[in-house]
Amino acid sequence: MSEAYLALGVTVIALNLTAGVTGGLAWRADRVSIAFWYLLRTAQVATLVFVLAETVIYIGGARAEDDLHYLYAALPVVASVLAEAMRGASASQELGETDFATLAPDRQQTVALAIVRRETGVMTVASFVVAFLIWRAIDTTAGMF
């Protein structure tokens with residue numbers, strides 16, 4: 001296996017796990033974590049770089065023996081997009097039919113924190129899923145290099 005490919009994969013896994021643990025701790029403590037969002041976005045960019053590298057390797061002619069490898073390599077993007085869609089729906093789920101602007105300031109803060117907590121939970125789970133998928137992609141590279 002190419003050392004660069006393995007190093008990139010392990011980096012992506014580590015970033016996603018770090019984001020997941022940070023988000024999980026913030027979610028459990030019911031607090032906002034700005035660090036989590038920076039870690040998450042960094043992990044997402046690294047994941048995209050991994051998938052692009054995988055695409056370049058494939059176009060270059062290298063093929064894994066197990067076709068599941070390509071599913072594991074592509075699914076992190078799908079998982080991230082689905083998680084972002086679910087995160088985007090968090091506000092409407094929390095608010096329902098309520099007009100946020102009409103709420104009292106203390107109620108607005110409570111609702112906003114509930115939305116951020118829900119978003120953190122969704123994206124935390126996505127980070128762990130992506131880490132697992134990248135690990136499986138690396139694990140199924142037999143024959144590629």
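- Annotation for Phe100: atom CZ counts as buried by contact number, over 12 foreign heavy atoms lying within 6.0 Å.
- Nearest heavy-atom pair across Ile134 and Pro76 is CD1-CG, 3.6 Å.
- Note that the CG atom of Leu52 and the CD1 atom of Ile57 stand 11.0 Å from one another [nearest 0.5 Å].
- Note: Thr22 OG1 to Leu40 CG = 10.5 Å, rounded to the nearest 0.5 Å.
- For the pair Thr120 and Ser33, the minimum side-chain heavy-atom distance is 4.5 Å or more.
- Without hydrogens or angle criteria, Glu54 side chain to Tyr70 main chain gives no donor-acceptor distance under 3.5 Å.
- Taking each heavy atom of Val129 and Ala79 in turn, the nearest pair found is CG1-CB, 4.2 Å.
- Between the side chain of Arg118 and the backbone N or O of Arg87 there is no donor-acceptor pair closer than 3.5 Å.
- Residues Gln109 and Asp106 fail the side-chain proximity criterion, which asks for heavy atoms closer than 4.5 Å.
- In the hydrophobic cluster analysis, where Ile, Leu, Val, Met, Phe, Trp and Tyr join through side-chain heavy atoms closer than 4.5 angstrom, Tyr72 is grouped together with Val125.
- Tracing side-chain contacts under 4.5 Å through hydrophobic residues (I, L, V, M, F, W, Y), one reaches Trp135 starting from Leu68; they form part of the same cluster.
- The hydrophobic cluster containing Leu15 does not contain Val21, counting ILVMFWY residues as joined when their side-chain heavy atoms lie under 4.5 angstrom apart, directly or transitively.
- Rounded to the nearest 0.5 Å, atoms OG1 (Thr47) and CG (Asn16) are 4.0 Å apart.
- Hydrophobic clustering (side-chain heavy atoms under 4.5 Å, transitive across Ile, Leu, Val, Met, Phe, Trp, Tyr) keeps Leu82 apart from Leu48.
- Counting all heavy atoms, side chain and backbone alike, Ile138 lies closest to Val10 at CD1-N, 3.9 Å.
- Within a 6.0 Å radius of CZ in Arg28, no more than 12 heavy atoms belonging to other residues, nucleotides or ligands are found.
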Checklist entry - Taking it one step at a time, do Thr98 and Val111 satisfy side chain to side chain contact (heavy atoms under 4.5 Å, CB included)? => result CA-CA 11 Å; Thr98 307; Val111 170; over 6 Å; no
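- Within the 4.5 Å cutoff, no side-chain heavy atoms of Val78 are placed close to those of Val81.
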Next on the checklist: For Leu71 and Asp67: C-alpha separation, side-chain torsions, deciding distance, then whether side chain to side chain contact (heavy atoms under 4.5 Å, CB included) applies.
Outcome noted: CA-CA 7 Å; Leu71 183 63; Asp67 288 339; over 6 Å; no
Checklist entry - Please walk me through it: do Phe36 and Leu39 pass side chain to side chain contact (heavy atoms under 4.5 Å, CB included)? => result CA-CA 5 Å; Phe36 165 70; Leu39 285 167; 5.6 Å; no
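- Atom OG1 of Thr141 sits about 10.5 Å away from atom CZ of Arg136, to the nearest 0.5 Å.
- Here the side chains of Gln93 and Met86 are not in contact, with every heavy-atom distance at 4.5 Å or above.
- In this structure, CG in Leu133 is found 10.5 Å from CZ in Phe50, a value given to the nearest 0.5 Å.
- The aromatic rings of Tyr5 and His69 are tilted relative to each other, their planes meeting at an angle between 30° and 60°.
- The neighbour count for Gln108 CD, taken as heavy atoms of other residues, nucleotides or ligands under 6.0 Å away, is above 12.
- In terms of hydrophobic clustering, with Ile, Leu, Val, Met, Phe, Trp and Tyr side chains grouped at heavy-atom distances under 4.5 Å, Val122 and Tyr38 are assigned to different clusters.
- Listed here is the closest heavy atom pair of Ile13 and Ala131: CG1-O, 3.8 Å.
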Item to check | Audit row: Leu17, Phe128, side chain to side chain contact (heavy atoms under 4.5 Å, CB included) steps and yes/no | outcome: CA-CA 6 Å; Leu17 289 177; Phe128 287 124; 3.8 Å; yes
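- The distance from the OG1 atom of Thr124 to the CZ atom of Arg117 is 10.5 Å, given to the nearest 0.5 Å.
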